[in-house]
Every structure is written in C-alpha cells, then in structure tokens.
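Computed from heavy atoms alone, side chains included, the values below leave out hydrogens, waters and symmetry copies.
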Amino acid sequence: MGTLLRSECIQCLAEKQLHTVFEDAKEEQKLAFLQGMFKILSEAPKETCAPVIVRDITELYKNIFGKASDYSKEKSYYNRLMLSKEQKIREKIHTAEEPLRKALQFSLVGNYIDFAAVKNVEEEYLEKLLDEAEQNCIAQDAYEQMKADLGSKEHLLFLTDNAGEGVMDKIFLEIIRENYPRLHVKVLVKGSPVSNDMTMEDAEEIGMQEVAEVYGNGNGIAGTWLPELSPQAKAIWEEADMVISKGQANYETLRLCRKNIYFLFLCKCKMFCESFQVPPYTGILVH
C-alpha cells in the first residue's frame with residue numbers, strides 16, 4: 001500500500017492525547033496510559049495511518065480508565081440543529097443556477113462539524129460557513145470529471161464522515177439522484193461509535209435511508225480502513241465503480257488505494273493546509 005503515516009500525525013496525536021488524561025486519575029493509571037500511548041506511537045508501522053492509531057490508543061484508554069470520550073449528545077444536537085436548517089438549505093440549492101455545485105458546496109461546509117479535528121466546534125462559525133458556502137471554489141477539472149462519472153458509472157458509494165454534516169450529505173445525494181436517476185447509490189457509515197462520526201443510529205435520525213441504501217462498515221475506525229471492513233462492506237466497496245468520500249480521515253486511509261474516488265473535505269489541520277497550500281477551513285474536491 002505504501003507509506004501512509006506522517007511524522008506530523010505522530011506529533012499531533014501525542015499532543016492531543018496528553019490532554020485527555022483525567023486530572024483526578026490515579027498516578028499509576030496516568031503513567032500506564034502515557035507509557036502505553038507512546039509505545040503505540042513508536043511502534044506504529046509506516047503502512048498504518050492516524051485513524052487506526054487513534055483506535056488503538058482509544059482501546060488502551062478504555063482498558064485503563066474504564067471509559068472513553070462519548071459524543072452521543074453532541075451528535076444528536078448537531079443532527080437536530082442541521083435538520084432544523086434542512087429546508088432552507090434545500091431551497092437555496094434548488095433555486096441555484098447549478099444545484100449540483102451548490103449542494104456540493106454545502107456538503108463541504110458540513111465537514112466543519114468535527115470534534116476530532118476541530119478544537120472547539122462553534123455554532124456561530126458554522127453559521128458563517130453556511131452563509132458563505134457558495135464562495136467555496138470547487139476545482140473545475142475534478143468537478144467536471146465527477147459529473148462525467150456520475151453520468152456514466154453504475155454504482156456510487158458515498159462514505160460519510162460526521163454526524164450533523166450528514167444532513168447536507170443527504171441533500172447532496174438527493175440532487176445527485178434527481179440528476180442521475182439510473183445511478184445505484186449506497187452509503188457506508190461507521191459500524192460502531194468513533195468520535196462524532198455517523199453510525200446507523202445517526203443515519204436513521206436524519207433520514208439518510210430516504211435517499212440511499214445505508215450500511216455499517218463493520219468497525220469503529222475513523223475513515224475507511226479497508227483491512228477491517230466487514231464482508232458486506234467489502235463487497236459494497238468492490239462493487240462501486242465510483243466513490244465520493246467525505247472528510248480528512250477518509251483521505252488519510254484511502255489516498256493510496258487506486259480506486260476511482262472523489263475526496264471532499266475542509267482542510268482543518270496544519271498538515272492538510274500545507275499539503276494543499278490553502279488557508280484553514282478551505283474546501284477541497286480532489287480526484
């Protein structure tokens with residue numbers, strides 16, 4: 001597969017984990033976690049990537065402290081918040097000169113709702129991004145190729161990222177199905193909770209099943225880690241002749257897999273901003 005792991009990711013993960021230890025935890029617990037965490041980081045193979053390492057560190061955390069971060073309240077809150085905005089966003093998209101492009105721009109903005117990559121998700125800033133959604137400059141060559149594939153391929157697989165964000169992904173898929181009705185659309189969500197990523201429960205809460213067939217991917221790793229997909233998810237992956245992939249973690253896990261993928265995300269960390277040479281929270285569409 002090649003080298004996926006980056007030195008910047010090791011440094012970032014170490015810094016983030018240093019702030020997760022319970023202040024009132026016993027000294028032996030803190031020591032055990034920090035030593036175990038640095039062992040995981042130091043022994044991580046180059047072929048792995050940050051989302052897989054985070055899963056391993058989270059398991060260590062749960063084994064030592066008995067629990068890990070729970071984002072269920074945040075997920076439900078942002079699902080409901082975005083559902084309250086759904087109709088207004090849909091109207092803006094349907095009245096646009098090019099609804100598909102506008103839907104893609106709103107889908108990009110939704111990627112801000114990320115409690116793993118964004119230190120403080122702020123509702124006010126989200127509102128600002130929504131108001132300025134049409135200012136996202138979509139790479140024209142990738143966009144035109146995506147439209148060509150939507151018109152010629154048979155099986156589209158959409159890989160979700162965060163809860164809340166999924167509402168705008170649902171609208172994006174609605175527009176795709178309206179314009180390309182012969183396309184078979186399937187959606188993969190996480191098989192078990194990880195950060196504030198979408199699961200089947202979230203998909204049901206926002207009505208994702210109304211626009212596509214939805215399946216769990218069989219694991220709780222951020223992104224889409226092919227070696228640990230369930231047999232069903234693996235079959236769906238192999239069937240797809242086109243993939244639209246949301247979020248940085250999906251890019252991290254899939255960027256070397258040689259599939260026909262359109263990656264769609266906001267650049268939310270230093271490594272991504274430097275790689276694509278853009279300011280923070282710039283929307284990216286890359287084929």
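Separation of atoms CD1 (Ile113) and CG (Asn196) is listed at 8.0 Å; rounding is to 0.5 Å.
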In a table with atom names and distances, give each donor-acceptor pair under 3.5 Å that connects a side chain of residues 273-287 to protein atoms at least two apart or in another chain.
residue: Ser275; atom: OG; partner: Met271; partner atom: O; Å: 2.8
residue: Thr282; atom: OG1; partner: Pro279; partner atom: O; Å: 2.7
residue: His287; atom: NE2; partner: Asn260; partner atom: OD1; Å: 2.6

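Residue Lys246 is tested with Asp197, Asp169, Asp161 for a salt bridge (charged side-chain N to carboxylate O under 4.0 Å, His left out); the sole match is Asp169.
Using a cut-off of 4.0 Å between Lys/Arg side-chain N and Asp/Glu carboxylate O, Lys85 and Glu127 are scored as salt-bridged. Ion pairing between Arg55 and Glu59 fails under the 4.0 Å rule for side-chain N and carboxylate O. Between Lys147 and Glu98 there is a salt bridge, with a side-chain nitrogen of the basic residue lying less than 4.0 Å from a carboxylate oxygen of the acidic one. Salt bridge present: Lys39 and Glu43 bring a charged side-chain N and a carboxylate O closer than 4.0 Å.
Residue pairs that meet the salt bridge (Lys or Arg N to Asp or Glu O under 4.0 Å) test with at least one member in residues 275-287, sequence neighbours left out, do not exist here. Within the structure, the ring pair (Phe, Tyr, Trp, His ring centres under 6.0 Å) test picks out the following pairs touching residues 156-205 (sequence neighbours left out): His155-His184. Residue pairs meeting the ring pair (Phe, Tyr, Trp, His ring centres under 6.0 Å) criterion with at least one member in residues 191-214: none, sequence neighbours excluded.
Applying the side chain to side chain donor-acceptor pair (under 3.5 Å) rule to Lys268 yields the partners Asn111, Asp114; only residues at least two apart in sequence or on another chain are considered. For the side chain to side chain donor-acceptor pair (under 3.5 Å) test, no residue two or more places apart in sequence or in another chain qualifies with Asp141. Legend: residues meeting side chain to side chain donor-acceptor pair (under 3.5 Å) with Arg80, ordered by chain and number and at least two apart, are Ser76. With sequence neighbours excluded, no residue satisfies ring pair (Phe, Tyr, Trp, His ring centres under 6.0 Å) with His94. Under the rule for a side chain to side chain donor-acceptor pair (under 3.5 Å), the partners of Ser72 that lie at least two apart in sequence or sit in another chain are Asp70. Remark: Val54 engages Leu13, Thr58 in a side-chain contact (heavy atoms from CB on, under 4.5 Å) (not counting sequence neighbours). Residues satisfying the ring pair (Phe, Tyr, Trp, His ring centres under 6.0 Å) test with Phe33, not counting sequence neighbours, are Tyr61, Phe65. Under the side-chain contact (heavy atoms from CB on, under 4.5 Å) criterion, Glu238 pairs with Lys234, sequence neighbours left out.
The 12-atom threshold is not exceeded at CD of Glu201, counting heavy atoms of other residues, nucleotides or ligands nearer than 6.0 Å.
For the residue pair Gln11 and Arg6, no side-chain donor N or O sits within less than 3.5 Å of a side-chain acceptor on the partner.
Residues Leu266 and Ile89 fall within the same hydrophobic cluster, defined by Ile, Leu, Val, Met, Phe, Trp and Tyr side chains chained together at heavy-atom separations under 4.5 Å.
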